[in-house]
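Please read the structure below before turning to the comments.
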Amino acid sequence: MTCIKIENMSQYIQVTDDESEEPIEIPSEEDGTLLLSTLAAQFPTACGLKYRNPQTGNYRGIRLTDGNLHPPESHWGSHVYIVVFPKDNKRKGDEVTENISAKTKRVDQQKKCSDLIVLGLPWKSTEDDLRNYFSQFGELVLSQVKRDPKTGLSKGYGFIRFNKYDDQMRCMSQRHNIDGRWCDVTIPNSNEGAQHLVSRKVFIARCTEDIKSEDLKAYFSRFGEVVDVFIPKPFRSFAFVSFADPEVAQSLCGEDHIIKGVSVHVSYAAPKGTDRHGEKKVQMPSKGIYQQGGPPGWNPQHGQGNPGGKPGNMPEMNSLGMNFFNSAMLAAAQAVLQQQGWAPGGTPGAPPQGSSGDNAHHAASQPGSYSTSQGSASNWGWGQQSDSTAGGYQGWGGGATRQGGWN
DNA sequence: GTTGGAAAGG
């Protein structure tokens with residue numbers, strides 16, 4: 001008489017703590033029971049199991065004796081079992097709906113998240129540096145620095161991703177000083193998601209050629225910290241000014257200001273690549289606006305550092321050290337200011353952090369050294385200004401805006 | 001006559 005050995009009754013049981021999620025499969029014992037300890041290995045505080053009875057739609061509890069969970073019939077079947085946790089004081093219904101809505105919310109948050117590009121990184125920044133810095137906004141699920149595959153050198157940008165949309169939005173809503181460089185975080189190749197953010201940047205119309213970037217910075221700094229000025233070359237009678245605080249930018253829009261005796265108009269900076277009517281600009285493929293027949297040239301010899309450059313505040317002066325404001329103009333300007341309710345001189349927010357003679361060195365050793373615009377926020381470029389020729393860069397702070405983005 | 005500068009993932 002032979003005993004028929006029932007071979008390996010053990011099976012994998014589908015278990016989850018959330019019905020809206022993928023179950024995990026955990027093994028039963030050979031006698032067909034499931035050890036609570038096996039369950040607890042996956043769900044540490046679990047105290048039992050239940051499953052939905054397909055006939056009634058009700059939950060059924062699983063028998064538990066001595067740390068063994070017993071299959072509802074002779075076997076576990078193909079049910080998906082739900083982990084039961086100690087209840088605290090909560091009513092059952094509350095807990096279930098709470099769990100579900102919390103989970104739904106989390107999933108929603110994740111779905112709304114996207115990879116974010118970080119532009120303007122210091123050359124030396126590593127994945128760890130990014131992670132360390134950006135973790136202050138929330139948990140990161142991605143941190144990478146793009147490098148030249150050959151040399152391994154950073155290309156000066158990278159990608160991060162948050163788990164929570166809220167974290168992502170908080171992160172995108174400000175600029176970041178990473179190791180002395182101002183960096184922007186945006187959604188790559190798209191404005192979506194950043195659309196509702198207010199621009200930090202204003203468009204300055206009716207500029208004259210003798211309004212230099214340092215004039216603009218000196219003037220607009222009274223309203224708030226100016227983090228970038230851009231004047232297109234060749235001269236086109238307009239400029240851009242970016243503030244650390246978007247609200248400052250917004251508050252100036254629509255106003256006329258007198259700078260060096262010239263009435264300039266401040267308005268919203270249209271997203272790049274559109275004009276003020278929001279029309280997309282079409283550019284002939286072969287002819288760039290920069291130079292004949294080629295991609296925008298990038299001039300490595302310009303740039304770098306700030307030869308005789310003088311950081312810090314200077315009054316309304318040009319590179320020759322002349323004071324542009326005669327007192328009549330000053331009075332006029334201040335009258336305008338007062339009429340507009342502006343208090344001169346206030347500069348809220350942290351000052352640009354200097355510390356980056358350093359980057360120039362890195363930059364110098366970079367391939368293709370497009371490091372020109374990576375001047376530190378504290379570099380004023382007084383020196384560059386005077387000998388400026390075509391193609392010269394004349395801002396200072398780490399390239400505030402990039403293609404396709406607000407700033 | 002008045003809307004941008006380097007880099008956007010193999």
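What you are looking at is a predicted structure, and each value in this text was computed from that prediction instead of being measured. In what follows, every chain begins at residue 1, and chains take the letters A, B, ... in the order their sequences are listed.
Using a 4.0 Å heavy-atom distance criterion, A:F159 is classed as a base contact. If you check every strand for non-hydrogen atoms under 4.0 Å, A:L116 touches nothing.
The phosphate of B:dG1 (OP1 or OP2) has no side-chain N or O of A:R206 nearer than 4.0 angstrom. Contact annotation: A:K233 side-chain N/O to B:dG4 OP1/OP2 distance is not under 4.0 Å.
Rounded to an integer number of Å, the gap from A:I211 CD1 to B:dT2 P is 15 Å. One can place CG of A:L119 at 12 Å from C1' of B:dG9, the figure rounded to the nearest angstrom. Between the CZ atom of A:R236 and the C1' atom of B:dG1 there is a distance of 11 Å, rounded to whole Å. A straight line from CG of A:L121 to P of B:dG9 spans 15 Å, rounded to a whole angstrom. Counting to the nearest Å, the P atom of B:dG1 and the CZ atom of A:F203 are 13 Å from each other. Distance A:E209 CD to B:dG1 C1': 14 Å, rounded to the nearest Å. B:dG9 atom C1' lies 14 Å from atom CD1 of A:I160, rounded to whole Å. Between A:H257 atom NE2 and B:dT2 atom C1' the separation is 16 Å, expressed in whole Å.
Residues that satisfy the side-chain hydrogen bond (donor to acceptor under 3.5 Å, both in side chains) test with A:K146, not counting sequence neighbours, are A:Q144. Every side-chain hydrogen bond (donor to acceptor under 3.5 Å, both in side chains) that A:R206 has, sequence neighbours left out, goes to A:D256, A:S263.
Closest-nucleotide positions on DNA chain B for A:F235 and A:F240 were compared, and the one nearer the 5' end corresponds to A:F235.
Side chain of A:Y157, nearest nucleotide from B:dG10, B:dT3, B:dA8: B:dA8. Of the candidates B:dT2, B:dG9, B:dG4, B:dT2 carries the atom nearest the A:S237 side chain, counting heavy atoms from C-beta on. Of the listed nucleotides (B:dT3, B:dT2, B:dG4), B:dT2 has the atom at the smallest distance from the side chain of A:A205.
Stacking of the aromatic ring of A:F238 onto the base of B:dT2 is not found under the criterion of centres within 5.5 Å and planes under 30°.
Applying the side chain to side chain donor-acceptor pair (under 3.5 Å) test between A:Q109 and each of A:T104, A:D167, A:D166 identifies A:D166 as the sole match.
Within the model, atoms CZ of A:F162 and CZ of A:R170 stand 8.0 Å from one another, a figure rounded to the nearest 0.5 Å.
A:F220 and A:F243 have perpendicular rings, their planes meeting at more than 60° on a 0 to 90° scale where under 30° would count as parallel.
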